[in-house]
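Structure first, then comments.
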Amino acid sequence: MGWSRIEMAQKAAQDIPDGSYVNLGIGIPELVADHVPAGIEVIYHTENGLLGMGPVPDEANRDIELINAGKKYVTAIPGACYFHHADSFTMIRGGHLDISVLGALQVSKNGDLANWSTGKPGAIPAVGGAMDLVAGVKNVWVITDHVSKDGQMKLVNNCAFPLTGKGIVDRVYSNLAIIEISDEGLKVRELAPGVSFDYLQEQSEPKLIQ
Amino acid sequence: MGWSRIEMAQKAAQDIPDGSYVNLGIGIPELVADHVPAGIEVIYHTENGLLGMGPVPDEANRDIELINAGKKYVTAIPGACYFHHADSFTMIRGGHLDISVLGALQVSKNGDLANWSTGKPGAIPAVGGAMDLVAGVKNVWVITDHVSKDGQMKLVNNCAFPLTGKGIVDRVYSNLAIIEISDEGLKVRELAPGVSFDYLQEQSEPKLIQ
Amino acid sequence: MINKLVKSDAEAVSDIFDGATVMIGGFGEAGSPIELIHRLIDRGAKDLTVVSNNTGSGNVGLAALIENRQVRKMICSFPRTAGSVVFPELYRAGEIELELVPQGTLAERIRAGGAGIPAFFTPSSVNTPLADGKETRDFNGQTYVMEYGIRADFSLVKCHTADRYGNLTYHRTARNFGPIMCTAAETTIVQAKHIVEPGAIDPEVVVTPGIFVNRVVHIADPAHESILVANQERYPS
Amino acid sequence: MINKLVKSDAEAVSDIFDGATVMIGGFGEAGSPIELIHRLIDRGAKDLTVVSNNTGSGNVGLAALIENRQVRKMICSFPRTAGSVVFPELYRAGEIELELVPQGTLAERIRAGGAGIPAFFTPSSVNTPLADGKETRDFNGQTYVMEYGIRADFSLVKCHTADRYGNLTYHRTARNFGPIMCTAAETTIVQAKHIVEPGAIDPEVVVTPGIFVNRVVHIADPAHESILVANQERYPS
């Protein structure tokens, strides 16, 4: 029942318009790059200073000075360019990117996102570029399991964890459904195979719109 | 009696320490570059995006895309670099230049400078980079005739013309003298040949220190 | 596929509308996109606010755009240069508005506009008439004035080499305001002397990443403003 | 004559003092000036405030500097990465201070410090705990938080190629924080893989103009942090 991690990434990839500039967060979002439909050209941005990020290199072509935001080896496509961090966040904060795809700890009914800290004592908070991405990028998509590994709902009325941004999530791709978040509420766009609306609602704290 | 324009520029050039980064304003300050003593290496900055400005080219080597702030043809030395305007003023405003040499309409006893507008009706105000230079550069030197063409004193108690900056002039090279401006007042460092202190004082509104 | 190349300079500026704010690159003649400006004159959009360091010279390029009464207001640092006659005349006649901005503040305001920074503090112009009426604030015992980011509807920029992604390099001091203006407009329109395939520009030396550019038009042999002025040409002639 | 080349990495860092604020380039391993950091460990300056995006990995480089108890406070965006063990332990034990800054705000604060901008407004972190206690302000109906420029006493940066004027180029994503950190310190110290004569770097492709650099040391074959970590090396060993 539901979508695999790869299927979630595929669903998001299929929704990216041709010609988009996209930043992919660490984790499942990284998989999106592998599933963009043929004939579509997407330019990937990685905030550590590369526009035109290409696929993962084979072992012989790894360069410790060519990595992505997750510090993994990547390549650069023909037509790529390198730049420093202030210029990279000019792209992000200045509204030049079309889509930011991020992971989540919690998403609230009004589009708040918590994805950087559980706020628990002893946890090491680490925010990276997430707050800049949600503040600056036109469309913020979240890819996440619908329920956490320890069985807690991630789609909630109000985020209990510290926020990354308020009212900024536009769409959630979970393993159970694709959900649009707007002023009208949480609208289910697509249910994963074998998932009923009622089941989805049971796994979600806010009231969903069919 | 007094120094010529070239001699004023020579006097300033001799005071530039080895290894300085220097911005030269339009007019007499431009002449300074031609008179730096042998053995001294000075890097000239022009705010339109060149560090390492070299001498005026011969006619065959003119390039309309290689000009200085006064829109005159220049060259670039080996080791020069080009950059955009925001980076150029990062150098200026960020305190990275050592010396700014500017012209003046008026300089006041506490180091105020007026050099961009007479404030007269019908005058077209044009400020360029002067306000950034005086705000950001460590040492501001003025090269100017001691008295204006129409006989008005330029070294005054208070500037009548609109200010470029307040309390920012460190030194004046005029055709009559070199004058240091500090909290202690206006101290005459050197008199031009044939100029007496009394004569200099007559041509200057504020009280000078011998 | 991403292809920002457009067929003609006329097409490139065909949606510039009355009342638009337009940034125009260049420091004097160097970097001034004269063909794009002339097509904007052909198009006739009026009531423009133009952000550019100078006001052009003679009766071509930016000066001709002003002379053609398409510009309501200039935002610039140095409106009079050798050979600039059009702006001073209209300004004295009260027929064009001027917002005079120190050059470094102008550059920083454009950069801020492109970087999503709505306002910042700068030491430039403090205690001068150009800070009159502006908010000031002290940091570490020094006074600074608050200035606002500027954004435009369109930027017109001249570069040296471009690819279909909109990656750009510039030539010598013609770089000046180009890179920051590219970042600060809804629609950035570039004229390029050379067009190359993606990958032909070393990724280490791209000055303007393609993300900041919307349209590129190939102008292989741009007119030299100073030569047109020396020949006393006018536009339209 | 201007010659910023210094003979050794030890000499390059020989005046870093107790209590200094030190910016250290790099995003993870890429761009981290590991030799300069190790010489700073040799020197032993303590009570440092370090500005760097991460906190290092294993027991070498930045992590080793922290482990050697020379760092009082970290200013960074992402203090835990794969392989970072030293900082988390000391942080949980309350033995090191952390100022957590969103990555883009960190970059902009460093750039502002270098550009003479004492403060600016940004939308990043608004309505989050990282904006708690900070001044906010509305522009055009949106809320922004005020952030301050950062300056340092020293910046330690790794580059690809340098000349005696301090002009620098970088390699791929090792560029990251290097260029902005060069602008924001009283003394900028750079380790370069290659040293060339002035003029050998095309003036169009210089990334860091020499004016921002004070000292350059030639480290032809820098250690790879990830290899040292894989080999479980420590510094000092």
Side-chain angles (χ1 to χ4, degrees), chain A residues 26 46-50 53 62-76 80-95 112-117 119 121-136 159 161-168, chain D residues 27-31 53-55 57 76-84 87-88 91-92 98 100-108 110-112 114-115 122-131 143-144 158 160 170-181 183 207-208 224-227:
Chain A
I26 301 170
T46 183
E47 58 260 40
N48 54 315
L50 168 60
M53 182 175 66
R62 288 179 180 173
D63 178 350
I64 59 156
E65 298 195 328
L66 183 47
I67 58 174
N68 68 11
K71 283 137 191 138
K72 298 194 189 77
Y73 296 108
V74 295
T75 51
C81 55
Y82 302 105
F83 35 82
H84 64 55
H85 250 80
D87 284 349
S88 184
F89 282 84
T90 284
M91 297 179 192
I92 292 173
R93 197 190 312 98
D112 299 353
L113 172 66
N115 82 341
W116 65 283
S117 173
I124 311 294
V127 67
M131 287 186 183
D132 308 284
L133 285 160
V134 303
C159 294
F161 297 145
L163 291 189
T164 308
K166 201 170 172 61
I168 43 73
Chain D
F27 182 88
E29 171 175 20
N53 192 59
N54 305 105
T55 63
S57 62
C76 68
S77 91
F78 212 81
R80 57 168 156 79
T81 39
S84 70
F87 178 87
Y91 180 74
R92 283 198 195 94
L98 170 65
L100 189 70
V101 182
Q103 196 173 150
T105 299
L106 183 64
E108 191 67 10
I110 295 166
R111 192 241 167 224
T122 173
S124 303
S125 89
V126 169
N127 289 316
T128 81
L130 295 192
T143 303
Y144 297 82
K158 181 184 181 181
H160 187 260
Y170 299 82
H171 182 244
R172 298 182 162 176
T173 57
R175 187 183 303 195
N176 59 69
F177 283 89
I180 50 175
M181 286 184 172
T183 71
V207 174
T208 290
H224 286 198
E225 181 180 302
S226 52
I227 293 174

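We name chains A, B, ... by the order of the sequence lines, and we start the count at 1 in each one.
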**Study point:** Sequence-distant partners of A:Phe89, ring-ring contact (aromatic ring centres under 6.0 Å, His included), two or more places apart
**Key:** A:His85
Check your understanding: Mind checking what makes ring-ring contact (aromatic ring centres under 6.0 Å, His included) contact with D:Phe78, not counting sequence neighbours?
Key -> none
Interface residue of largest heavy-atom contact number with chain A, from [options], under 4.5 Å:
options                      : value
D:Asn53, D:Thr128, D:Leu98   : D:Thr128
D:Arg80, D:Arg111, D:Glu108  : D:Arg80
D:His171, D:His224, D:Glu225 : D:His171
D:Phe177, D:Phe87, D:Tyr91   : D:Phe177
D:Gly28, D:Gly104, D:Ala107  : D:Gly104

Check: [Y] main-chain N/O paired with [X] side-chain donor or acceptor under 3.5 Å:
X        : Y        : value
D:Asn176 : D:Thr173 : yes
D:Thr105 : D:Val101 : no
D:Glu29  : D:Ser226 : yes
A:Ser117 : A:Pro125 : no

Check your understanding: Among A:Ala76, A:Gly128, A:Ala130, A:Gly129, which has the most heavy-atom pairs under 4.5 Å with chain D?
Key -> A:Gly128
Tell me, side chain or backbone of [X] under 4.5 Å from chain D's heavy atoms, or both, or neither?
X        : value
A:Asn68  : backbone
A:Thr164 : backbone
A:Ile64  : both
A:Ala80  : neither

Practice item. Before giving the answer on side chain to side chain donor-acceptor pair (under 3.5 Å), spell out for D:Thr208 and D:Tyr170 the whole-Å C-alpha distance, their side-chain angles and the decisive distance to 0.1 Å. Key: CA-CA 9 Å; D:Thr208 290; D:Tyr170 299 82; 2.8 Å; yes
